[in-house]
Amino acid sequence: MAVVAVKRCVSPLFFFSRRLSAPEIKFQCPYHKKVVDHYENPRNVGSLDKNSKNVGTGLVGAPACGDVMKLQIEVDENGKIVDARFKTFGCGSAIASSSLATEWVKGKSLDEASKIKNTEIAKELSLPPVKLHCSMLAEDAIRAALADYRLKQQDGEKEAVKASN
Amino acid sequence: MQALNMSRCSCTCRGYQNVNSLLANRTFLVRVQPHASTALLNTAFTSDSKCAIRGFCRTTSKPLGCFKVNQTFFYPKPSLTFSTVSRSKSCWKCGSAIQPTPVFFCPACKVIQAPDEHATFFDIMDCDKSFALDTQKLQRRYLSLQRSLHPDNFSQKPQEEQEYSETQSALVNKAYRTLLKPLSRGLYMLELGGMRLEEGTDIGADPQFLLEIMEINERLDETQIKEDAKNIGLSVQGRLQDLTAKINASFDKGDVQTAKVLITQMKYFSNIEEKVKEKISEMPV
């Protein structure tokens, strides 16, 4: 299935490059090997318990391509991200971007994680300009997860205050 | 022709050197498209811009591109549909006046004409500009157009006519494909209204909706039973039909914003529909 999906993603680019190239020029894979690596061996796929208080869930979608991405972070009492998981239904670049994002947020503090930029993800994966929005999606997923976590903590504090009163 | 070949060569070399820059180039070309169309309209090619544009204009300075990469540039530019420029046209061969509606052959000399860059796909396919489109009528129109425009009919004709037939026939293909499916038709109608789906993240998306999409995707991904996959496919098809009806109602009311939201949802569902088909085809019989 993975192979079919990769083929699907690659074929439009392939068609484009082939049309512009003379027949004697060999086809080059337009995806960087890092994208292919993350696509074939995605890191941290799966889910964390979204109802858990120390888990933040970010769920984002890209309307133009219809991709959906879920990124979850688990935060310890010191405010450090100890675990991260993702599930992405979309093209190879979106999967690779979110896979890389989970790798990067692990071990970071919340503030450090919020500073991850889509340009850094795109640079690391050498994404072509038409695929930049995939890295944007990953950045937005991290932000959404952080926001969800912070909201949960605030709610938790309010409840604690209520209980003590 | 020499200019064409030159630009083809430069494209080729660049394509070989760096796919990334080439893709960047493509988006760039697409972005300058409206201006290029205007240039075509005024038949003035005094652009002194840099190499990328120069190559582009050189190819367009012929009335019609004759290599495939450039064909897209002659597709009607919807945003210019309501331009105030007068659209009187005349036959390129005999010079007799032609009505501005899409006319494929000169009424006087019966010679094939260049595509009308102002015609929308609805004009070309002779359909009302509405989301509720009679697909059977569309199909009949498509077949009859291709019967007369197909390049096979022009193999013995002069080269100019062959080129016009190629571009016209490709344009009719594109118009047909775009209008046939509700999703692409809806997207095209948004485009005509100067709107498109956002490239980036769907900030205004309903979290509940995204959750639903995520869950359907997960269910489909996990199932190994053909029957389950088929059921998911059926329910998604139901949702798509439901959305089609709603989009139709929104367009009828002139509520393009709601139509856009619904078309976005349609995009997510039709992605799942594709995945269902793929999954079923990969499962053992």
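Just so it is clear, the model here is predicted, and its values are computed rather than measured.
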With a 6.0 Å cut-off (strictly less than), is the heavy-atom count around NZ of A:Lys108, excluding the residue itself, greater than 12? yes
Drop me the distance from B:Asn271's CG to A:Cys65's SG, to the nearest 0.5 angstrom. 7.5 Å
Residues in residues 135-144 of chain A near chain B [non-hydrogen atoms, under 4.5 Å]: A:Met136, A:Leu137, A:Asp140
Using non-hydrogen atoms and a 4.5 Å limit, figure out which bit of B:Leu211 sits close to chain A: side chain, backbone, both or neither. both
Of the backbone (N, CA, C, O) and the side chain (C-beta and beyond), which part of B:Gln265 lies under 4.5 Å from a heavy atom of chain A, both, or neither? neither
Check this for me: B:Lys226, atom NZ, are more than 12 non-hydrogen atoms of other residues, nucleotides or ligands nearer than 6.0 Å? yes
Here the pair of heavy atoms bringing A:Lys70 nearest to B:Glu218 is NZ-OE2, 3.4 Å
Measure A:Asp67 against the heavy atoms of chain B and call it side chain, backbone, both or neither at under 4.5 Å. both
Counting N and O atoms only, with roles assigned by atom type, does the side chain of B:Asn217 sit under 3.5 Å from a partner on the main chain of A:Phe89, one being a donor and the other an acceptor? no
If you count the non-hydrogen atoms of other residues, nucleotides and ligands that lie under 6.0 Å from NZ in A:Lys80, is the total more than 12? no
Can you tell me if A:Lys117 has over 12 outside heavy atoms packed within less than 6.0 Å of its NZ? yes
Over 12 foreign heavy atoms within 6.0 Å of CZ, B:Arg196: no
Which of A:Cys134, A:Ser47, A:Ala62 touches chain B most, by non-hydrogen pairs under 4.5 Å: A:Ala62
